[in-house]
Amino acid sequence: MQAPTTRRHALTLAAATLAGLAAPAMAQDNVFKIGLILPMTGQQATTGRQIEAAARLYMAQNGDTVAGKKVQLIVKDDTSLPDQTRRLAQELIVGEKVNVLAGMGITPSAMAVAPLATQSKTPLVVMAAATSSITEASPFVVRTSFTLPQASVALADWAPANGVKTVVSLVSDYGPGIDAEKFFNARMVNNGAKVIESLRVPMRNPDFAPFLQKVRDLKPDALFVFVPSGAGAAVMKQFAERGMDKAGIRLIATGDVTDDDQLNDMGDVALGVVTSHHYSAAHPSDMNKKFVDAFQKANKGLRPNFMAVGGYDGMRVIYEALKSTKGAGGGETLLNAMKGQIFESPRGKIYIDAQTRDIVQDVYLRKVERKDGQLWNVEFDAVKEVKDPGKTKK
Ligand code: VNL
């Protein structure tokens, strides 16, 4: 009679111990963690500020309980140093056991984290970085920003048809700049224009002056520029200071240069600059008007830029994947639910190509105009459903 009691006691104890152990695990189970790694300080800080603000706006508008799980956003500052990005991603995967990694302000950061996403089977939602090859660095990458080939080609079709027969390109000397140079220049040549020179300027602490002087001497019809978000105002200022516009050289660029985060402070020199890009805060849709209003209200009047929209849509992709999998399943299940999503974004209709995991979207031609005392990228044409040309070469 002794034994069963003891055994029952032992069983009860074991059950209690198990329950005790299980309690925190259960709590964990009801939390869905998003590790958002961004440059919140340093040269790319505006990108981090824009994306974090957009992610928080999305959560404020859509709640933080999805499919019965509490969504927790963990924001980490990598100061845009890829070694930091990698270290933080490691900590988030191993320590925090995040369900998703997101953010990635610049290409080197995304490239540093891609192998960790693969090893740990953690979906990596790239919200900013825009070199074509990033989606090929890991099968767990999904992109909601854009690619430079995608943004550049439309401008290279527009320019020769609008008086630009000779061009010099000037790009930041790393992934996205090299993509922009390659695809813009090749398309210009294909369209019968002449590329006089291809210039590359260091990505960190660039001094544009000597390059602009060189462009002045070469006297092309236009200068084509790509620099990452945050560096456009400096280019614009030095372009004016060197009297390039007065020398009859037109500035054309990807929309990274007439970045909505800075555009309004650039002054008259920006007027008339034609760019191609996937998002303008002036995009005339109801959804975008609501997005811009809500973003500005929540952020002391800050105007959202293309980084913000990448962050906002990235959160949408994560939320909908969680919903459609009903909160069950690990990285691979979640990843599959991100592929093929199609929806209206503040930028227009977009989808995540199920094969490439890259974004397909309209690319707009825009011209800087003053309206109600403010500078805007006003869209005047659109190329529909552009797939990344960087991937169709194979
Ligand atoms: C990148 C591309 C970064 C475009 C950017 O801004 C940008 C990148 C920080 O892939 O590093 O506008």
Side-chain angles (χ1 to χ4, degrees), residues 36-54 77-82 84-85 102-114 124-138 141-152 155 169-184 200-206 224-236 253-263 275-281 304-311 314 347 358-359 361 363 366 377 388 390:
L36 184 63
I37 311 179
L38 293 168
M40 300 306 300
T41 54
Q43 208 176 313
Q44 260 73 46
T46 57
T47 291
R49 180 180 59 175
Q50 287 273 351
I51 293 179
E52 182 187 6
D77 176 14
D78 68 1
T79 68
S80 85
L81 294 175
Q84 291 291 340
T85 326
M104 309 295 122
I106 57 169
T107 290
S109 295
M111 288 304 202
V113 173
L124 171 59
V125 179
V126 174
M127 296 170 163
T131 300
S132 178
S133 60
I134 291 171
T135 44
E136 286 154 346
S138 165
V141 167
V142 168
R143 174 157 38 203
T144 58
S145 53
F146 72 111
T147 79
L148 265 304
Q150 187 179 49
S152 306
L155 188 65
S169 62
L170 173 60
V171 302
S172 285
D173 192 5
Y174 77 118
I178 291 160
D179 266 4
E181 176 193 281
K182 192 167 147 202
F183 281 83
F184 177 84
R200 296 180 183 176
V201 56
M203 184 224 175
R204 307 236 179 233
N205 307 309
F224 166 74
V225 179
F226 163 80
V227 291
S229 183
V235 173
M236 208 57 94
T254 64
D256 308 74
V257 175
T258 55
D259 183 351
D260 273 304
D261 186 83
Q262 299 184 320
L263 177 61
T275 58
S276 56
H277 228 211
H278 56 290
Y279 178 68
S280 164
N305 71 356
F306 62 99
M307 294 301 186
V309 94
R347 64 187 113 176
D358 218 335
I359 186 165
Q361 58 193 334
V363 173
R366 313 96 50 85
N377 291 299
D388 173 28

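In each ligand, atom 1 is the first atom listed, and ligand 1 is the first ligand listed.
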| For ligand 1, is there an atom lying under 4.0 Å from some heavy atom of Gly105? | yes

| said: Show me which atoms of ligand 1 lie under 4.0 Å from any heavy atom of Ala129. | reply: 8 (C), 10 (O)

| Of the backbone atoms (N, CA, C, O) and the side-chain heavy atoms from C-beta on, which set of Thr107 has a member under 4.0 Å from an atom of ligand 1: side chain, backbone, both, or neither? | both

| query | Does a side-chain heavy-atom distance below 4.5 Å link Asp256 with Phe306? | reply | yes

| request: Below 4.0 angstrom from a heavy atom of Met307, which ligand 1 atoms are there? Numbered from 1 as shown, please. | output: 5 (C), 6 (O), 7 (C), 9 (C), 12 (O)

| Does any non-hydrogen side-chain atom of Ile359 lie less than 4.5 Å from one of His278? | no

| task | Give the atoms of ligand 1, by number and element, whose distance to some non-hydrogen atom of Ile106 is under 4.0 Å. | result | 8 (C), 11 (O)

| Distance-only N or O hit between ligand 1 and Gln44, under 3.5 Å | no

| note | Atoms of ligand 1 under 4.0 Å from any heavy atom of Asp256, numbered from 1 in the order shown, are 4 (C), 7 (C), 12 (O)

| field | Donor-acceptor contact present, side-chain Asp261 to main-chain Asn305, <3.5 Å | value | no

| task | Using a strict cut-off of 4.0 Å, indicate which atoms of ligand 1 neighbour a heavy atom of Phe306. | result | 12 (O)

| Is Asp179 reaching over with its side chain to a backbone N or O of Leu148, donor-acceptor style, under 3.5 angstrom? | no

| field | Nearest-contact summary for atom 1 (C) of ligand 1 - protein heavy atom, Å | value | Tyr174 OH, 3.5 Å

| Is there a side-chain contact between Phe146 and His277 (heavy atoms, below 4.5 Å)? | yes

| Is Ala130 close to ligand 1, meaning an N/O of one under 3.5 Å from an N/O of the other? | yes

| query | Do any N or O atoms from the side chain of Asp260 and from the backbone of Leu263 form a donor-acceptor pair under 3.5 angstrom? | reply | no

| message | Using modelled atom types and a 3.5 Å cut-off, is there a donor and acceptor pairing between side-chain atoms of Thr41 and backbone atoms of Thr79? | response | no

| task | Determine whether the side chain, the backbone, both or neither of Thr47 has a heavy atom under 4.0 Å from any heavy atom of ligand 1. | result | side chain

| Thr147 side chain vs Gln150 backbone, donor-acceptor pair below 3.5 Å | yes

